[in-house]
Amino acid sequence: MAMHGTSLLVPSVQELVKQPITKVPEQYLQPNQDLVVVCNTTSLPKVPVINLHKLLSNDTIELENFDHACREWGFFQLINHGVNTLLVENMKKGVEQFFNLPIDEKKKYWQTPNDMQGFGQLFVVSDEQKLEWQDMFYINTLPLDSRHPHLIPSIPKPFRDHLETYCLELKQLAFTIIGRMEKTLKIKTNELVEFFEDAIHQGMRINYYPPCPQPEHVIGVSPHSDMGALTILLQANDVEGLQIRKDGQWISVQPLPNAFVINIGDMLEILTNGIYRSIEHRGTVNSKKERISIATFHRLQMSSVIGPTPSLITAERPALFKTISVADYINRYLSRQLDGKSNLDNVKIKVEMDK
Ligand SMILES: O=C(O)CCC(=O)C(=O)O
Ligand SMILES: [Fe+2]
């Protein structure tokens, strides 16, 4: 078993595919996987696209679309988001170069048995467990004292500077989006934002999925909902692979130029008393091209307590979730394999069913 809040160390998949292989090692083969290749994609509904500029100008239709996306999809693509295009391009380049550093250089940033930050995989809790077809790099970016000296401060420039600016801009963007939710939920200004003001935690997970000779038998990232409040994801090299579960089907989130994929995590589902939803998603891989994504997570810090915000608890809509300690939620989430939405189900208040 892995220690609390850590992940067992696993080999690098990026290194593994440096030898030509036609078969995937046993530990990556997923039995009984739902169809990864989604047929007939044209007839499936598309993830909503939201224009932030319109949203901020109080465009009524855009506000409605945004509200609908948060209630029904838990996911949307955000365009006109205002984050500098050059900065985003520099991040993409920087990430690619960082993953292409020689392995001996990368070892300096590797996870250790006591630390899930760095290169590796997350949620590996037993030696028998199936592994994912990816290498990832995870770092805490905020608060500043959650950073480790051998990680961000040791990343080569100029990538380090771009990363710092990107994190700041994305934090601002997260506050802006959560602020818009107060409007569409018709609650007081700051009622959601204030939970985050002194207690925001930001983390970044860079996912690198190498090409795979048997893509339909492996998974890049197992089905899960995100633990935090709001995730801002960049599909960094425009390769398809992210899929979300909608009405029992897996729907692909096709990369859109200059867009971020935004998704609501478990903590916002709890805070909004289940009105805005944290949706299950997964990362698939393909045989031809590597895929890179950068997920930036925003959540409450460990010392916080979380429950449905009082004005969203009404007679018609009683509290759906218990009020719990964030530390308990996180520790539980991190100590298990990813498993759909099971963590959130665990804090649901069980309603007595009529016989
Ligand atoms: O690579 C992706 O598009 C999804 C990654 C993801 O879901 C995550 O890092 O939480
Ligand atoms: Fe995710």
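This is a predicted model, so every value here is computed, not measured. Throughout, numbering of the chain's residues begins at 1 and tracks the sequence. All ligand and atom numbering here is 1-based and tracks the order in the structure. All heavy atoms count here, side chains included; hydrogens, waters and symmetry mates do not.
For K348, the NZ atom counts as densely surrounded, since its 6.0 Å shell holds more than 12 non-hydrogen atoms of other residues, nucleotides or ligands.
Listed by number with element, the atoms of ligand 1 under 4.0 angstrom from any heavy atom of R205 are 9 (O). In summary, the atoms of ligand 1 found under 4.0 Å from a heavy atom of F297, numbered by their order in the structure, are 9 (O), 10 (O). Near R291, the atoms of ligand 1 lying under 4.0 angstrom from a non-hydrogen atom of the residue are 1 (O), 2 (C), 3 (O). If you number the atoms of ligand 1 from 1 as listed, the ones under 4.0 Å from a heavy atom of H281 come out as 7 (O). Per-residue contacts place Y209 under 4.0 angstrom from the following atoms of ligand 1 (heavy atoms of the residue considered): 1 (O), 2 (C), 4 (C), 5 (C).
Neighbours of the Fe ion (ligand 2) restricted to protein N, O or S atoms under 2.8 Å: the count is 3.
Backbone and side-chain nitrogen or oxygen atoms of Q235 are examined, and none is located within less than 3.5 angstrom of a nitrogen or oxygen of ligand 1.
Taking atom 5 (C) of ligand 1 as the reference point, the nearest protein heavy-atom neighbour is N207 ND2, 3.5 Å.
At least one heavy atom of H224 sits closer than 4.0 Å to an atom of ligand 1. Using a 4.0 Å cutoff on heavy atoms, S293 counts as a contact of ligand 1.
For the pair R277 and W73, the cation-pi criterion (under 6.0 Å, within 45° of the ring axis) is not fulfilled.
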